[in-house]
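As structure tokens, the structure follows; a few thoughts come after it.
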Amino acid sequence: MPAAPPIDLLIRNARVVACSDATPAVAPPACIAIADGVITAVGPLDTLASGRDVRAELDAGGALLTPGLIDCHTHLVYAGNRAREFEMRLAGASYEEIARAGGGIVSTVRQTRAASPADLLAASARRLRELMRHGVTTVEIKSGYGLALADELKMLEVARALGAQFPIEVRTTLLAAHALPPEFAGRADAYVDLVVEQIVPEAARRGLADAVDAFCENIAFTPAQTRRVFEAARAHGLPVKLHAEQLSNQHGAALAAEFGALSADHLEHVDEDGVRAMARAGTVAVMLPGAYYFLRDTQAPPIALFRRHGVPMAVATDCNPGTSPGAHLPLMMNMACTLFRMTPAEALLGVTRHAAQALGLSNTRGTVEVGKRADLCLWDVDQPAELAHAIGSSPLRARLQRGVQHPL
Ligand code: DI6
Ligand code: FE
């Protein structure tokens, strides 16, 4: 009989919150066996480890163990900051007014274009470290501050380099249709031509994008322009996501659903038809309470409609310099509850199982189950609700990426 395969790491005495059911329950203390970065068994010590070569052990001491957190929507790679614009908004200017006056996204575009790849990487690495300190093991990073072929590719390359240099999985999304670059003022369709004819094909050819996103909004791109971007993505075999109904109802959620989008994000102004379309398509609703908070929005996304129609809800940071300058995912769980009235259980699923689904990674991530990657967090808390209850604290004890513990 062949010897049982060795266990690279045996985690003992962990109270597992697998996140595999609709209500994330705490299991009695158990062990987790990990080999080759994958969970190979969850259960009691004797059945699990007997006769096996155990190479390393980690005593969890009764800590709560969850899947590693997944931040499924960030604009983490950018240069500069927009504190001046913050002051303008405090003095009364609206986000739209600032955007129309050449500020907003376009000001970050100027700074990001001017930055060398090394400077962009260093600035972004600080934010990435903060995400990791709060338990994130997989992060999605969008382009969208380059808005020209070379600059969009530069952003995606920096995102890929971050994933190669740090113990975190990076998924990249091409967001060339984020804003109209100044050199295309008054010629939005010509910019969309560039996006569909050059930027999407080149990003796809180089394997730099895992998905394609767009900002469908009255200050950005129309549904017709968004459709063209989605058609280009489809032609290159890339899944789509959409910034939809953040400031107004453009029926972007239904458009995203028509293309089988992985997610539609923001959704403050989505109507029931849009929610129904998302339910039919299996499109995840990504809640971004940081942007809602920072813009002092007053219309919350229709959580009750998502629940009624069975649309899975994810929660993400939207980490970006203009509307959500932060990289603290557990704080977003808190805000999803306080501002959007999600339950702590929904918030936890929103940064684990449903966030994995929003990235098309359900097969490998988002739950603590045999066969999933051993991306795990240990927390010094009693109950899962504490993760959403605390305002900005960090009860993270340990974070494992593919079965390897890294310093916090
Ligand atoms: N919606 C947002 O909240 C961010 N992008 C988007 O399409 C804002 C990005 C920024 O202001 O820099
Ligand atoms: Fe965003």
Side-chain angles (χ1 to χ4, degrees), residues 71-86 88-89 93-113 123-124 127 139-147 151 155 159 171-182 211-222 225-226 229 240-248 250 252-253 256 261-270 284-297 299 301 314-327 329 332 335 355 358-359:
D71 192 350
C72 67
H73 179 143
T74 85
H75 308 250
L76 179 129
V77 170
Y78 62 83
N81 75 75
R82 304 237 294 276
R84 172 70 197 117
E85 190 178 301
F86 182 48
M88 286 165 69
R89 283 205 302 110
S94 72
Y95 183 68
E96 283 100 328
E97 280 162 5
I98 290 167
R100 287 186 201 286
I105 294 174
V106 168
S107 81
T108 299
V109 171
R110 278 192 297 273
Q111 302 184 76
T112 302
R113 285 179 175 176
S124 308
R127 296 182 278 273
V139 59
E140 183 255 21
I141 301 179
K142 301 176 194 296
S143 68
Y145 293 121
L147 309 184
D151 298 298
M155 288 189 69
R171 302 292 289 184
T172 56
T173 298
L174 176 69
L175 178 58
H178 191 197
L180 194 58
V212 170
D213 192 352
F215 189 17
C216 183
E217 192 50 73
N218 49 30
I219 57 165
F221 297 94
T222 65
Q225 290 162 342
T226 302
V229 174
V240 299
K241 322 170 67 68
L242 189 64
H243 282 71
E245 348 290 17
Q246 180 183 8
L247 308 169
S248 64
Q250 305 279 320
L262 291 171
S263 71
D265 305 40
H266 287 288
L267 298 169
E268 278 80 351
H269 295 265
V270 72
V284 175
V286 178
M287 303 292 99
L288 302 166
Y292 172 93
Y293 157 80
F294 198 74
L295 294 176
R296 302 184 79 221
D297 203 343
Q299 176 148 344
V315 174
T317 62
D318 199 14
C319 173
N320 77 73
T323 65
S324 195
L329 191 54
M332 297 303 124
M335 287 192 188
L359 295 178

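Values in this document were obtained by computation on a predicted structure and should not be read as measured data. Numbering of ligands and ligand atoms starts at 1, following listing order.
- Under 3.5 Å, the side chains of Glu217 and Ser248 contain a donor-acceptor pair of N or O atoms.
- Proximity of His75 to ligand 1, defined as any heavy-atom pair under 4.0 Å, is confined to the side chain (atoms from C-beta onward).
- Residue side and main chain included, Asp318 places an N/O/S atom under 2.8 Å of the Fe ion (ligand 2).
- Closest protein heavy atom to atom 3 (O) of ligand 1: Thr323 OG1, 2.8 Å.
- Looking only at protein heavy atoms, the nearest one to atom 1 (N) of ligand 1 is Gln246 OE1, 3.0 Å.
- Residue His266 places a heavy atom less than 4.0 Å from ligand 1.
- Among all non-hydrogen protein atoms, the one lying nearest atom 5 (N) of ligand 1 is His178 NE2, 2.8 Å.
- A donor-acceptor contact shorter than 3.5 Å links the side chain of Thr74 to the backbone of Glu140.
- Looking at Glu85, its side chain does come within 3.5 Å of a backbone N or O of Gly104 through a donor-acceptor pair.
- Between NE2 of His75 and NE2 of His243, the angle at the Fe ion (ligand 2) works out to 100°, rounded to 10 degrees.
- Among the atoms of Thr108, none of the N or O lies under 3.5 angstrom from an N or O of ligand 1.
- In this structure, atom 11 (O) of ligand 1 lies nearest to the protein heavy atom Tyr95 OH, 2.6 Å.
- A salt bridge links Asp213 to Lys142: at least one charged side-chain nitrogen sits closer than 4.0 Å to a carboxylate oxygen.
- Side-chain N or O atoms of Arg127 include one that pairs as donor or acceptor with a backbone N or O of Leu76 at under 3.5 Å.
- Aromatic ring pairs are classed by plane angle as parallel below 30°, tilted from 30° to 60° and perpendicular above 60°; the pair His75 and His178 is parallel.
- For ligand 1 and His243, the ligand atoms under 4.0 Å from any heavy atom of the residue are 1 (N), 6 (C), 7 (O).
- Among all heavy-atom pairs drawn from Ser324 and Thr317, the shortest one is OG-O, 2.8 Å.
- Interface atoms of ligand 1 facing Asn320, defined by a heavy-atom separation under 4.0 Å, are 4 (C), 8 (C), 9 (C), 10 (C), 11 (O), 12 (O).
- The protein heavy atom nearest to atom 9 (C) of ligand 1 is Tyr145 OH, 3.3 Å.
- Minimum heavy-atom separation, Gln111 to Gly80: OE1-CA, 3.2 Å.
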